[in-house]
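First comes the structure, then the notes that go with it.
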Amino acid sequence: MRLLKNREALLVVATGVLLALVAMRFPAFVAPANLARVYNDTSILIILALGQMAVILTRCIDLSMAANLALCGMAAAMVNTAFPGLPIPLVILAAMTLGASLGMVNGTLVWKLDIPPIVVTLGTLTIYRGLIFVLTDGKWINAHEMSDAFKALPRLELAGAPVLSWLSLAIIALMFVVMSRTPLGRAFYAVGGNPHAAIYTGIDVGRTRFFAYCLSGALAGLSGYLWVSRYAVAYVDIAAGFELDIIAACVIGGISIAGGIGSVTGAVLGALFLGVIKNALPVINISPFAQMAISGTVIIIAVAVNARAERRKGRVILRKAEAV
Amino acid sequence: MLQDTTTSRIKPAIALEGISKSFPGVRALSDVSLALYPGSVTALVGENGAGKSTLVKILTGIYQPDAGVIRIAETETTFPTALAAARAGVTAIHQETVLFDELSVAENIFLGHAPRNRFGLIDWTKLNADAAALLQRAGADLDPTIRLRDLGIARKHLVAIARALSVDARVVIMDEPTAALSHKEIHELYALIERLKADGKAILFISHKFDEIFRIADRYTVFRDGAMVGEGLIADVSQDDLVRMMVGRAVDSVYPKKAVEIGEPVLTVSGYRHPTEFDDINFELRRGEILGFYGLIGAGRSEFMQSLIGVTRPSAGAIRLDGEVLVIRSPAEAIRAGIVYVPEERGRQGAIIGMPIFQNVTLPSLSHTSRSGFLRLANEFALAREYTSRLDLRAASLDQDVGTLSGGNQQKVVIAKWLATRPKVIILDEPTKGIDIGSKAAVHAFMSELAAQGLSVIMVSSEIPEIMGMSDRVIVMREGRIVGRFERPVLTAETLVRAAAGIEAPSEGRAA
Amino acid sequence: ENKKIALVVKALGIGFFEAANKGAQEAAKELGDVEVIYTGPTSTTAEGQIEVINSLIAQKVDAIAVSANDTDALVPALKKAMDRGIKVISWDSGVAKEGRMMHLNPSSNALIGNMIIKLAADHLPEGGDVAVLSASATATNQNTWIAEMKKVQDNYKGINVVTTVYGDDLADKSYRETQGLIQSYPNLKAIIAPTSVGIVAAAQAVTDAGKIGEINVTGLGLPSEMAGHVKSGASKSFAIWNPIDLGYSATMIAYNLINGAEAKPGAELKMGRMGTVKLDENNEGAMADPFVYDASNVEEFAKIF
Amino acid sequence: MADAQLSPRNIPDRLQGRGARLMKSWEALLLVVATAIFLGNSLASPYFLDPWNLSDATFNFTEKAMIAFAMALVIISGEIDLSVASIIALASTAMGYAVQLGFDTPALVAIGLGVGLLCGAANGLLITGLGLPSIVVTIGTMSLFRGLAFIVLGDQAFTGYPASFSWFGQGYVWWVFSFEFTLFVLLAVIYGVLLHKTNFGRTVYAIGNNQTAALFSGVRVGRVKFMLFLMTGLMAGLASICLTSRLGSTRPSIALGWELEIVTMVVLGGVSILGGSGTIPGVVLAALIMGMVTFGFGLLNVPGIVMSIFIGLLLISVIALPILWQRARRRFAQ
Ligand SMILES: Nc1ncnc2c1ncn2[C@@H]1O[C@H](COP(=O)(O)OP(=O)(O)OP(=O)(O)O)[C@@H](O)[C@H]1O
Ligand SMILES: Nc1ncnc2c1ncn2[C@@H]1O[C@H](COP(=O)(O)OP(=O)(O)OP(=O)(O)O)[C@@H](O)[C@H]1O
Ligand SMILES: [Mg+2]
Ligand SMILES: [Mg+2]
């Protein structure tokens with residue numbers, strides 16, 4: 001009973017039920033190998049959702065994440081085509097640095113100019129994506145222009161799973177440590193939970209938000225490389241509209257849009273839930289056209305459930321009620 | 001008690017010199033100086049808005065002073081952030097509980113300076129153990145791992161106390177620490193203060209309760225209107241001296257209660273109850289009467305009053321207005337019926353910051369000032385002008401943003417707003433909270449006048465003098481229930497406090 | 001004064017259309033008194049194309065040659081253009097009849113429909129399951145070719161077309177849809193992607209799934225983009241017409257219309273070095289036959305487009 | 001007597017005159033920007049100053065602006081509606097479906113508006129009835145509404161709208177004034193009056209500034225918000241009629257991504273995204289600016305995405321500049 005009240009447990013159960021339903025019509029879907037494939041397919045969404053989580057926890061939002069991803073991915077591909085010999089880790093580092101700098105732009109505008117986060121990232125969303133066009137004249141970078149090493153890394157098999165999966169697992173582990181064991185992670189919670197009190201605690205609210213944006217930017221940069229190398233193509237519109245999927249994953253995962261509430265587990269589960277739906281629908285022969293309506297419905301239900309769980313129980317003044 | 005703290009042989013743990021601080025339109029502190037000595041408790045007293053909390057915030061690095069210096073152990077320092085102050089050994093229990101509802105008790109205590117392991121990561125085991133120890137010291141029997149939101153206000157305050165103890169401080173500041181605590185907890189706090197004194201900490205203690213000041217303080221400092229107007233040893237003053245220094249005149253004139261002939265019952269409340277907030281509330285309010293509601297903070301008075309206007313839904317109960325049964329489901333219906341509520345939290349529930357004064361005042365009366373749904377600005381200005389001038393509002397113009405007014409003037413706008421609806425019953429929840437003495441007098445005078453005109457007034461207040469000065473009758477609430485009813489002739493401060501705190505035997509402290 | 005001919009493409013930046021632009025510029029140079037405006041929206045939407053067309057009308061261009069994102073939605077805007085005296089043709093992906101004077105198919109639809117299934121069948125002597133990966137569900141040309149393909153499907157014994165999925169001309173969506181196909185149809189032997197974006201993504205997905213040799217990806221693609229996949233064996237062969245020629249022909253036709261040629265059923269319009277095109281009863285004409293690329297010739301053409 | 005203390009001091013109604021207030025307002029800033037863009041366009045392209053071209057240019061913003069008016073009210077009240085573009089898609093799909101069933105123009109209009117209202121009501125119920133945050137609810141309904149359109153249409157398109165239906169998106173009321181532009185002007189006036197001259201508008205501001213205080217002051221917060229979402233739905237339905245009529249066909253991807261453009265328009269118009277302030281004249285100016293920027297750039301054949309960079313920069317800088325300016329002034333004063 002207590003377990004059921006827990007948001008994350010509920011999400012695990014929901015995902016389990018979903019898998020069971022799919023398995024009834026298509027048993028091969030729940031074969032370990034296929035589940036691993038679904039996980040691999042969701043890896044990028046997980047990484048992005050974790051970055052978005054940090055930002056949402058501080059009572060902000062990052063609508064520019066997908067555009068940031070696209071710009072960094074394009075930059076990585078351009079670096080690769082210009083210097084095919086450059087070691088891939090350096091390319092990744094460059095993408096993450098660029099991503100973090102774009103995040104810093106968001107963070108600085110929020111921190112130093114006090115512009116509402118939604119306006120800032122709405123603006124940078126169009127600017128970042130526009131920059132890709134300016135940078136490339138709209139030209140695509142196709143598979144044959146990328147070096148083999150560039151394309152190979154995410155699909156390289158290590159101990160039975162692709163590097164992409166391992167990478168996302170590493171990011172999850174890292175975020176676990178950051179969120180629960182470092183002052184910065186705890187500051188995210190504090191700043192979103194009660195910005196006023198955070199000041200009294202000696203936490204610089206603006207700076208914490210700035211770091212949240214840096215983090216989400218860096219993860220978007222990493223995802224940019226992963227996306228481009230995995231799909232072996234880079235163009236202006238990659239991941240267009242994906243920012244809403246990222247936010248949806250967070251919302252489903254129980255991260256409160258009002259800040260201060262949420263967990264790494266929640267974000268991961270939210271992303272996985274969406275990933276399972278995305279991968280299961282074509283398999284069980286539900287028209288791909290129904291997918292959008294289904295994920296919309298799921299989001300609304302998730303919000304309603306989370307809101308019920310969050311609803312203040314009210315301060316208990318009466319003694320007898322406190323005893324119950 | 002130490003006897004010789006005043007002698008120059010002992011150096012102050014911290015000293016402030018010539019501190020000034022202004023906010024837009026308010027000079028909160030002007031050229032104040034204050035020294036705190038190790039092993040000694042200094043009481044800081046002053047009216048609401050005298051600048052006490054502002055001083056605390058300057059001492060803890062939340063505000064930066066406009067002028068003046070802070071010295072620790074005779075070296076000049078600055079506190080650019082709250083963390084810097086904590087590092088310098090200054091810690092505080094703030095007036096508002098500034099804590100995090102979604103975090104655990106232990107983390108609330110250690111946020112910002114959590115113990116780390118050798119990798120630089122937060123050490124949760126040690127953190128929880130240390131928190132448990134600190135809670136013990138603060139006299140709270142609490143599981144450090146539960147979430148703060150599951151605690152009541154008093155226990156939250158204990159957590160705030162534990163947080164203040166979590167840094168190794170040489171200066172401990174307590175801004176009205178007992179306001180939300182119950183009798184037993186207050187006594188544990190006194191014992192804690194004794195221990196801190198014995199450890200050689202310098203303590204600044206802010207309170208409006210004179211009994212506790214005389215009980216635990218060694219020295220006093222009095223603020224009036226942002227300036228220091230007196231200091232010395234507690235042993236050398238009487239309570240009356242302190243009050244005179246604080247207010248600058250005799251206290252009596254503050255409550256201009258008129259003698260009004262009380263009429264027939266106007267509002268009858270019977271059997272009001274709510275699953276968690278209040279239970280079994282019955283009373284009558286009569287024409288021309290001012291009915292005081294007294295209780296400690298968190299007694300559930302505001303919650304109950306809000307159920308009368310349809311904000312909180314009661315689970316049972318009925319009200320009659322002028323003998324007719326009324327069902328009120330929303331504030332809009334309450335206003336139409338003639339019952340209005342001037343809320344306690346001015347910033348959140350009362351004033352609409354960001355809108356001009358006249359729009360604030362006319363909001364509940366728009367149906368009177370407009371014609372078939374279209375605004376009539378001339379009518380609005382007329383209404384706003386009438387009521388704000390009766391409350392002696394000080395403002396540059398009526399289309400000035402309410403947010404730019406001083407707290408007291410904001411409160412006047414809020415009161416004007418509800419008076420402009422011409423109610424039969426007006427409920428004032430802490431009407432003078434946070435407003436200066438002059439405005440307070442204006443509000444009280446106006447309240448008296450309203451009663452004289454035949455309005456019925458319910459006044460919720462946690463200030464004994466205000467309750468005693470203004471009420472015809474007093475109802476005392478504790479933990480969501482009515483625990484006492486007193487007619488004016490038998491009112492004493494002591495009976496009120498006892499009823500509110502649930503003490504049977506006479507308490508040993510001096511009553512105010 | 002120079003004649004202004006606008007070459008409106010589905011979206012800027014797509015290799016195929018960039019190549020078409022090359023052809024258009026070539027035609028302009030050849031003609032001498034023509035200025036080609038190469039334009040289009042930045043993503044493949046009809047609303048975006050309408051805004052572009054409106055601004056071209058305002059600039060009083062002499063002709064618009066459009067590859068449409070939507071058959072029907074562009075009609076009102078293009079009608080307005082014709083009302084203001086602008087010659088309008090569509091090429092590559094057509095506009096409904098009332099919205100243009102003529103449509104230039106890169107090749108005859110029947111030929112293409114036959115070609116794409118033949119490419120698959122050639123490497124499946126035993127027959128087997130094949131699936132179609134299309135671009136967006138609204139793409140006119142895709143739908144026509146697939147329809148034509150289905151008409152002749154019975155001529156290829158044992159070839160079983162199991163489903164059609166849509167990758168929306170987005171690499172990632174096409175990739176995911178291909179993954180779904182591989183999952184859902186364990187016996188899949190070939191994927192036909194009559195779209196240059198889809199075919200590359202499908203080949204990539206097949207490579208990643210380790211299915212090279214089991215599943216052959218074929219369809220319509222650009223040599224430069226497909227060279228790697230032909231080399232790896234993910235695609236044994238594919239076809240395409242020359243986009244440079246297509247842009248060249250469209251520009252030539254537009255120029256001739258400006259200069260008084262008439263587009264009506266049965267008319268023969270000149271296309272410079274590409275010869276002439278004969279219009280059918282729907283005022284549609286085909287430019288040339290598609291050309292097949294495989295390991296033997298792909299490297300050579302990869303350098304060109 | 002206490003009355004002696006209540007010396008009635010005369011507080012003036014207003015300190016600044018109408019003109020002075022106007023000069024310092026956001027709208028003045030926008031007006032300058034708009035004029036600059038107008039002049040810039042006239043200089044940059046010989047085709048810009050042509051009545052028919054300008055009339056064509058209005059189609060770039062009229063439909064979005066209709067929704068932007070309603071959205072402005074929603075944002076002023078402290079909420080947001082991201083589902084508007086999806087409502088357009090669903091309403092258009094419903095109308096297209098009705099055409100297949102043989103309905104004629106009046107019925108189509110009723111269906112378009114009706115579906116808009118229904119969607120608005122669904123949003124309103126979820127947000128005010130269940131007390132859910134509007135940003136996530138409308139992200140959900142955004143997928144849901146468009147998803148329903150996809151379920152109905154799949155890869156198909158609805159065409160064959162009756163000829164009389166095309167008037168809404170292609171017809172002209174008088175000379176160069178299209179039906180859409182006329183509607184835009186009319187709605188601007190209606191919304192301007194509603195927001196600035198009625199009790200309803202005043203309560204919208206009150207809710208946006210302080211919802212709790214508004215509730216305590218007798219404002220029926222839930223009801224007002226519900227109405228606002230209903231109106232947004234209705235406007236989306238109306239825009240759907242215009243857009244569908246202009247395109248002459250319905251695809252489920254119609255109006256994709258418009259929600260962000262509409263929010264941008266509203267914010268550029270000086271409406272605070274945090275709620276509580278903003279004006280309709282500001283939104284009108286923002287619509288004109290965005291329309292002129294896209295059209296002017298279009299005349300120079302600048303790609304749409306480069307225009308959007310410009311809009312993005314405009315959005316951030318128009319908000320940042322006053323803040324920086326104030327800071328500089330304060331520093332200067334010290
Ligand atoms: N952040 C602020 N902005 C503007 N004015 C402020 C601010 N903080 C305090 N003030 C003003 O400064 C004055 C002093 O306030 P302060 O909180 O120090 O009073 P106090 O002595 O602590 O009163 P109380 O007994 O009610 O706690 C008041 O007039 C108050 O309105
Ligand atoms: N558990 C709690 N957590 C946080 N704040 C609390 C809690 N309990 C009470 N409060 C705060 O204390 C104040 C008083 O609570 P409440 O209104 O229920 O009682 P009251 O008897 O009306 O007290 P008051 O004397 O302040 O009018 C409110 O401002 C409320 O926000
Ligand atoms: Mg204080
Ligand atoms: Mg109260």
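First the proteins, then the strands, lettered A, B, ... as listed; each starts at 1.
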### Message
If I take atom CD1 from residue A:Ile47 and atom CG from residue A:Leu169, how far apart are they, to the nearest 0.5 angstrom?
### Response
9.5 Å

Is chain A contacted by the side chain of [X], its backbone, both, or neither, given a heavy-atom distance below 4.5 Å?
X	result
B:His113	neither
B:Asn108	neither
B:Leu111	both

### Over 12 foreign heavy atoms within 6.0 Å of CH2, A:Trp166
no

### Query
Any chance the rings of A:Tyr200 and B:Phe100 have centres within less than 6.0 Å?
no

### Interface moiety of A:Ala187 toward chain B, non-hydrogen atoms closer than 4.5 Å
neither

### Summary
Greatest number of non-hydrogen atom pairs under 4.5 angstrom with chain A, of B:Leu103, B:Thr60, B:Leu99, B:Leu127, falls to B:Leu99

### Task
Look at B:Arg116 together with B:Asp123 and state whether they make a salt bridge at an N to O cut-off of under 4.0 Å.
no

### Task
Would you mind checking if B:Arg301 and B:Glu430 are paired as a salt bridge, meaning a charged N to carboxylate O distance below 4.0 Å?
yes

### Message
Only pairs of heavy atoms separated by less than 4.5 Å count here; which of A:Gly193, A:Gly192, A:Ala198, A:Gly185 has the most with chain B?
### Response
A:Ala198

